[in-house]
Amino acid sequence: MTTTDMPRKADADSARAVSRKRPRGAVGGGLRRAVPATTLLWVLAALYGLPVLWFVLSSFKPAEDLFSLPLTLFPEDPTVSGYKAAWDSANFSQYFINTTIVCVIATILTVGVSCCTGYALAKYDNKWLKVFFVGILATTMLPSEVMLAPQFLVVRDLGLYNSLAGIIVPAVLTATGCFMFRQFFLTVPDELIEAARIDGARELSIFLRIMVPISRPIMLTLAILSFQWRWNDYIWPLLMLNDPGKFTVQIGIQSLVGAQNINWSLVLGGSVISMVPLIVVFLVFQRYVMNADINAGLKD
């Protein structure tokens, strides 16, 4: 027996000793606790997913089969006529371009302004900043309908009525974005900022070179949420726009609804078409969401 064999035998003996000391019911108990939680999650997923599945599958049914009895989940004669009719009935290409412009510009501005505001609220000690933060949070207590009239008057007086800029500007500063960044920057150790200041970094350099990179998961999370908010927004664009060439997707879908009767196959096809960009954006960026390492650059 060589000396190199001794540690291996000792390791094996210690592993067997640990396995003997492990309670017999530890694995079984953990499994019993995990099964109810997993079952509950699957039940909730089914409850939320079944209406969406029914909605998508119904878009492939002919209009006469949507309300035929007995109701069926899967289409007996699948067709894409609803999609073709929706695309031909409305100027979806222009609606997509308009909505994409609004969503991209509003998302970039929202993330940038929220990041700057959240950093100032988290890392600078000033009583007026605290008052400003309370004012931002207070806006969440008001229903959006209450602020529609004053927002409309302000945007109209700025000369932004019936323009895409009139939709973008009011959406730049959001209480949710400011709160998200503030809470994240509060978790960043102050030692990281002090070390940068000792090295001679200026405040703007600290923000752009240190704070912005480590807040990328929050930025992407807010970007997904902001894109979704702007894409699904209906009331505000309806108030601001009266030119059909500037309509967004949601107004375009509403135009598919007839005054006397509703072609549900047409509406379902247009609604599914409007969902595709949101699904693509989420699938592309979901792996970046909430994957932060705030201790990067620090030593123990």
For the student: nearest non-hydrogen atoms of [X] and [Y], plus distance:
X    : Y    : answer
A86  : G269 : CB-C, 4.3 Å
L186 : A122 : CD2-O, 3.6 Å
Q254 : Y234 : CG-OH, 3.2 Å
F181 : M219 : CZ-CG, 3.5 Å
I167 : W236 : CA-NE1, 3.6 Å
T117 : C178 : CG2-SG, 3.7 Å

Tell me, with the steps shown, if Y83 and W87 meet ring pair (Phe, Tyr, Trp, His ring centres under 6.0 Å).
-> CA-CA 6 Å; Y83 292 91; W87 189 268; over 10 Å; no
Would you say R197 has more than 12 foreign heavy atoms packed within less than 6.0 Å of its CZ?
->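 Correct, the count exceeds 12.
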Fit a plane to each ring of Y95 and F247, take the angle between them on a 0 to 90° scale, and name the class: parallel (under 30°), tilted (30 to 60°) or perpendicular (over 60°).
->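 Judged by the thresholds at 30° and 60°, the geometry between Y95 and F247 is tilted.
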Establish, from distance only, whether the side-chain atoms of T100 and N98 form a donor-acceptor pair under 3.5 Å.
->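 There is no such pair between these side chains.
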N242-N162 side chain donor-acceptor pair, cut-off 3.5 Å |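 The answer is yes; a qualifying pair exists.
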Just wondering, do F92 and I253 contact through their side chains at under 4.5 Å, heavy atoms?
->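 Yes - at least one pair of side-chain heavy atoms lies under 4.5 Å apart.
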Can you tell if the side chain of F133 reaches within under 4.5 Å of the side chain of L137, non-hydrogen atoms only?
->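 In short, these two side chains touch, coming nearer than 4.5 Å.
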Are the charged groups of D190 and K123 less than 4.0 angstrom apart, N to O?
->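 So D190 pairs with K123 through a salt bridge.
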Determine, using ring centers only, whether F96 and W231 are less than 6.0 Å apart.
->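 Yes - the distance between ring centres of W231 and F96 falls below the 6.0 Å cut-off.
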